[in-house]
Amino acid sequence: MLKANYHTHTELCGHAVGKTMDYVDKAIKLGFKELGMSDHAHIPEYFMTGNEYKHNYLDESMTNDEFEKIYVKEVIEAKQNQNIKIFLGLETEYLPKFHNYFADLRKKVEYLNLGIHFFNYNGVNYSTYDPLNSELILGYTDTAIKAMETGLYKIFVHPDLFMINYYSRDNYRGFDKACKYCSKKIIDTAIKNDIYLEINVSGIKNSVKKINGKSEYLYPRTEFWSLVSNTKAKVIIGIDAHDPLDFEGQAVLKAKQFASQFNLNMCDFIKF
Ligand SMILES: [Zn+2]
Ligand SMILES: [Zn+2]
């Protein structure tokens, strides 16, 4: 079992079940020492077109009102618990054009997780889950680098998500020169800015696919973590829980097994 988890959602995001206390209770039962709550932060509609907003399911997520009145309240209440250390966090995106919005979010919580589910490239917002080619993954990478260099973020969650639907002229989901270039850039920037890279348990649970005839996770992606191997990059396992039961799922054990095949600088806890 893990000693801590800093990647936890709640029902407020619209695609998870359970309130903060349900996650806290489960974490205590399992003997976690620390728990970070990191629900998806609200993204304002004016950040993109109406179609882009819907395409990224942003209309279902937590509102700023729910954040202030429910989320923060629940987490502060949970902090009273003596059996576990609770941290108030958020998972959010980064758009350089709206830097101040993300800087303001950072002031309202104890830490931010960077999760790039969409990114702006040449004025268009792309979903990370869309089929991306070698040019578009540069857009993801550029956003990742700019975000990590702001100093706002503690953990880059599922940093390798950009390859989930990657395609090149002669290969679908292959790991080519462009993937390697982007992976290395991300890893180097994380090291330089002291940001934890996350092995995402939700990917282990939900993203097993055949790649070149072999069963692989689309993320965490073996080739990416091979490049992290033997570097100083700090690595953490993040459950990305959308249900309290995710804390004790088989996928957590599989994530540990996945990590153990590389020489990674694994961290049980985050230094705040
Ligand atoms: Zn989510
Ligand atoms: Zn998440």
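The residues of the chain are indexed from 1 along the displayed sequence. On a predicted model such as this, the values are computed, not experimentally measured, just so you know. One-based numbering, in listed order, for ligands and for the atoms of each.
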Undergrad: With respect to the Zn ion (ligand 1), please indicate if His9 possesses an N, O or S atom at a distance under 2.8 Å.
TA: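 So His9 does not count as coordinating the Zn ion (ligand 1).
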Undergrad: I'd like to know: is the Zn ion (ligand 1) within the 2.8 Å range of an N/O/S atom from His242, strictly under that distance?
TA: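 Of the N, O and S atoms in His242, at least one lies under 2.8 Å from the Zn ion (ligand 1), which means yes.
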Undergrad: Tell me whether Lys146 is salt-bridged to Asp142, with the criterion being a basic N under 4.0 Å from an acidic carboxylate O.
TA: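 Yes, charged N to carboxylate O under 4.0 Å.
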Undergrad: Angle at the Zn ion (ligand 1): provide the value between NE2 of His15 and NE2 of His40, rounding to 10 degrees.
TA: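 Nearest ten degrees: 100°.
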Undergrad: Quick one: sort the Tyr140 and Phe162 rings into parallel, tilted or perpendicular, breaks at 30° and 60°.
TA: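 Ring orientation of Tyr140 relative to Phe162: tilted.
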Undergrad: The Zn ion (ligand 2) is nearest to which N, O or S atom of Asp240?
TA: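 It is OD1, the N, O or S atom of Asp240 closest to the Zn ion (ligand 2).
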Undergrad: Hey, would you say the Phe118 and Tyr126 ring centroids sit under 6.0 Å apart?
TA: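 No; Tyr126 has its ring centre 6.0 Å or more from that of Phe118.
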Undergrad: Between the Zn ion (ligand 2) and Glu91, which N, O or S atom of the residue is the nearest one?
TA: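 This turns out to be OE1.
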Undergrad: Taking the six-membered ring for Trp and the single ring otherwise, decide whether the centroids of Phe47 and Phe98 are under 6.0 Å apart.
TA: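 Yes: the rings meet the under 6.0 Å criterion.
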Undergrad: Does a sphere of radius 6.0 Å around NZ in Lys79 hold more than 12 heavy atoms from other residues, nucleotides or ligands, not counting ones at 6.0 Å or beyond?
TA: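 Buried by this count: over 12 neighbours within 6.0 Å.
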